[in-house]
Amino acid sequence: MEGKLKENVLETLRKCSDLNHLKQLQGYLTTLGHAHTHFYAFKLLRFCALTLSNLSYARLIFHHHPSPNTHLFTAIITAYAAHPATHPSALILFRHMLRSQPPRPDNFIFPHALKACPDSRTTDSLFAQIVKSGFLHYTVVQTALVDSYSRVSGGVQDAKKVFDEMSERNVVSFTAMVSGFARVGDVESAVSVFDEMPERDVPSWNALIAGCTQNGAFTQGIELLRRMVWECNRPNGVTVVCALSACGHTGMNQLGRWIHGYVYKNGFVFDSFVSNALVDMYGKCGNLGKARKVFEINPEKGLTSWNSMINCFALHGQSDCAIAIFEEMVRCGGCVRPDEVTFIGLLNACTHGGLVEQGYRYFEMMVREYGIEPRIEHYGCLIDLLGRAGRFDEAMEVVNGMNMEPDEVVWGSLLNGCKVHGRTDLAEFAAKKLVEIDPHNGGYGIMLANVYGDLGKWEEVRNMWRTLKEQKSYKVPGCSWIEVDDQVHQFYSLDKSNPKTEELYCVLESLVGFRNEVMVELYFYI
DNA sequence: CTAGGGTTAG
């Protein structure tokens, strides 16, 4: 009889599609006196949280239960731990559980609680609890500890300590350690852990490739992708997203297109992450038509999809298109709301299109209509906008009215505007601020020296150069590259190592009308 | 029933 009911309930849950259905089932169980039977409450709660992703009703089920057991606690804590916004609630409930005598935590609950830890102190205390409850010998629990430490600030070393003391390590433990190092920018350590792995699967490769691309090691990321394929691992959607990001940042259009083909053949086109990464790659490689096409066929345009498309147009100075996309986003984006990234793109578009008034309006709109607190990046855009338009009074008004310290971007944008419009007095002020913020950045020192030169202050020019030499701070040379026929050509400013230097300068001269200090070097073959 | 990988931003 009981078995029959159980089957019925599970069957009904499988067919359940919305909250009303769930409530009906709940009512039915209540009439049978089973509303608080642990097994059913657990099933309902899990279904509600995981399938319907209705957290508020899930917590209702939990809090209405007179005596929740370990399973119920696990279910609700899992649900809370799944989203960063509800991490605090997960921990509050977990502490509550530790205080109340039964139910006791089991080994299944610790990994979830560990996921919700905001700092290493919290992870420490969970560590102690795990030891006390005798669950430390589980590999899964230890791996969760490694992962937890590696996510909180300053915790990688603790993660490594736990990792080193593990008696048994599997792919997951290694991968957790790899991404832990990658997260703090220590690509080297990530690589050495990766090299020690006895076996690797697709997520482990992804962890390292993501680590590279997130830390600016794009070429290294691409090399790893090749090695991954060479060693017979099939890249999945995650791999592809990382690789596309690398292609975009380095202008590897050929490889990007090859990956697009791979995406198409393997059905990843329906992955919104992949679609967004494709849009970004095509945009950065200058193929706006393709970018737009990929964007258009994405059936689930999310916030990032819209932002990426806007950024593409902004990057290429197509302010009209960027604005049109923004308006479409507001009109038919569904529940998508513009965020701070959207406005950075939009403001950049206005800057590159010279639309000062429009840019101003969007800035106001961001604050008033969308309630977004302007971040330093937005001020950077605004100063860039005003500076390029030569509206220095307003620019300074904004700088002085900011409720935060102006950063390099702000002063750099102002300096740039000053140079364009010949405002050497203000340029000196901005350049001095730059040097003040980062005295060891040779680039800023050189800019200040140049401004002194413009002003005819030769004594200061000499002093500046002497300081630069004394502290041995040199500017990293400006560099850009272009792909032609499977070859990447790298351009360094002031570099004359390329055999065709003279020819190249002649072409540049005919293009810009004067000689520019930019050079070209053959870099590598794909 | 538990552990690892993801795009956009001057």
Side-chain angles (χ1 to χ4, degrees), chain A residues 42-43 46 50 70-75 77-78 81 105-115 135 138-148 150-151 166 169-180 182-183 197 200-211 213-214 235-246 248-249 268 271-281 283-284 302-312 314-315 339-348 351-352 375-385 407-413 416:
Chain A
F42 171 74
K43 284 287 171 190
R46 259 185 82 84
L50 296 181
T70 301
H71 287 273
L72 281 173
F73 267 103
T74 307
I77 289 172
T78 305
D106 59 7
N107 54 316
F108 294 108
I109 206 166
F110 278 106
H112 295 293
L114 282 166
K115 195 186 267 176
F135 294 126
Y138 288 93
T139 306
V140 175
V141 173
Q142 292 176 353
T143 305
L145 264 171
V146 170
D147 183 57
S148 180
S150 78
R151 282 177 198 277
M166 286 175 77
R169 287 176 283 234
N170 58 23
V171 224
V172 183
S173 340
F174 273 99
T175 307
M177 202 59 246
V178 168
S179 53
R183 218 171 278 125
M197 290 179 72
R200 302 178 187 107
D201 60 6
V202 174
S204 12
W205 283 96
N206 289 346
L208 191 60
I209 294 175
T213 56
Q214 284 161 359
N236 65 7
V238 177
T239 325
V240 155
V241 165
C242 301
L244 285 171
S245 160
H249 281 104
F268 300 145
D271 184 329
S272 200
F273 269 102
V274 172
S275 171
N276 301 340
L278 276 169
V279 169
D280 175 64
M281 182 276 294
K284 286 208 172 72
L303 181 58
T304 310
S305 317
W306 295 98
N307 287 351
S308 302
M309 197 64 243
I310 291 172
N311 281 326
C312 283
L315 192 65
D339 70 346
E340 59 273 9
V341 180
T342 317
F343 283 96
I344 291 173
L346 203 55
L347 288 171
N348 276 327
T351 303
H352 295 140
R375 295 213 315 229
I376 195 86
E377 288 92 339
H378 298 105
Y379 285 115
C381 294
L382 199 57
I383 301 300
D384 197 15
L385 184 72
D407 68 349
E408 292 111 302
V409 180
V410 170
W411 294 123
S413 302
N416 196 41

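Each chain gets a letter, A, B and so on, in the order the sequences are listed, and its residues count up from 1.
Taking atom CG on N276(A) and atom P on dA9(B), their separation rounds to 12 Å, with Å as the unit. Atoms NE2 (H378(A)) and P (dT8(B)) sit 17 Å apart, rounded to a whole Å. Rounded to a whole Å, the CZ atom of F73(A) is 18 Å from the C1' atom of dT2(B). The distance between atom OH of Y379(A) and atom C1' of dA9(B), rounded to the nearest whole Å, is 17 Å. Atom-to-atom, CG of L278(A) to C1' of dT8(B) comes out at 13 Å; the value is rounded to the nearest Å. Between K115(A) atom NZ and dC1(B) atom C1' there is a gap of 13 Å when expressed in whole angstrom units. Rounded to whole Å, the distance from CG on N206(A) to C1' on dA3(B) is 17 Å. The CG atom of D106(A) sits 9 Å away from the C1' atom of dC1(B) (whole-angstrom rounding).
Remark: the D339(A) side chain and the N307(A) side chain contain an N/O donor-acceptor pair separated by less than 3.5 Å. Side-chain contact, S413(A) with N416(A): no donor N or O sits under 3.5 Å from an acceptor N or O. Between the side chains of T351(A) and N348(A), no donor-acceptor pair is found at a separation under 3.5 Å. For S173(A) and N170(A), the side-chain atoms include at least one donor-acceptor pair closer than 3.5 Å.
At a cut-off of 3.5 angstrom, the base of dG4(B) holds no donor-acceptor pair with the side chain of N170(A). Contact annotation: side chain of R169(A) to base of dA3(B), donor-acceptor pair absent below 3.5 Å. Side-chain atoms of D271(A) and base atoms of dG6(B) include a donor and an acceptor less than 3.5 Å apart.
With distances taken from any side-chain atom of T143(A) to the nucleotides dC1(B), dG4(B), dA3(B), the minimum falls on dA3(B). Side-chain proximity of H71(A) to dT2(B), dC1(B), dA9(B): nearest is dC1(B). Considering only the side chain of D384(A), dG10(B) comes nearest among dG10(B), dA9(B), dG4(B). Listed candidates were dT8(B), dG4(B), dG10(B). Nearest to the side chain of V172(A) is dG4(B). Closest contact between the side chain of F108(A) and the listed nucleotides dA3(B), dG10(B), dC1(B) involves dC1(B). Among dG4(B), dG10(B), dT7(B), the nucleotide with an atom closest to any side-chain atom of T175(A) is dG4(B).
T304(A) comes within 4.0 angstrom of a nucleotide base, judged by non-hydrogen atoms across all strands. Residue contacts for N307(A): at a heavy-atom cut-off of 4.0 Å it reaches a base atom on one of the strands shown. Within 4.0 Å of N107(A), counting heavy atoms only, lies at least one base atom of the nucleic acid. Residue V202(A) is in base contact, counting any heavy-atom pair closer than 4.0 Å across all strands shown. Backbone-only contact: R151(A) has heavy atoms under 4.0 Å from sugar-phosphate atoms and none from a base. Among the atoms of the strands shown, base atoms are found under 4.0 Å from some heavy atom of S204(A). Note on V171(A): a base of the nucleic acid sits closer than 4.0 angstrom, heavy atoms only.
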Test side-chain contact (heavy atoms from CB on, under 4.5 Å) on H249(A) and T213(A) and set out the steps. CA-CA 9 Å; H249(A) 281 104; T213(A) 56; over 6 Å; no
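Distances shown here put every side-chain N or O of Q142(A) at or beyond 4.0 Å from the OP1 or OP2 atom of dA3(B). Remark: N348(A) is in phosphate contact with dG10(B), judged by side-chain N or O atoms under 4.0 Å from OP1 or OP2. Close to dT8(B), at under 4.0 Å from its OP1 or OP2, lies a side-chain N or O of S245(A). Phosphate contact (OP1/OP2 of dA9(B), side-chain N/O of K284(A), threshold under 4.0 Å): present.
When atom types are taken as modelled, the side chain of D106(A) and the backbone of I109(A) share a donor-acceptor pair closer than 3.5 angstrom.
Here F273(A) pairs with nothing under the ring-ring contact (aromatic ring centres under 6.0 Å, His included) rule; sequence neighbours left out.
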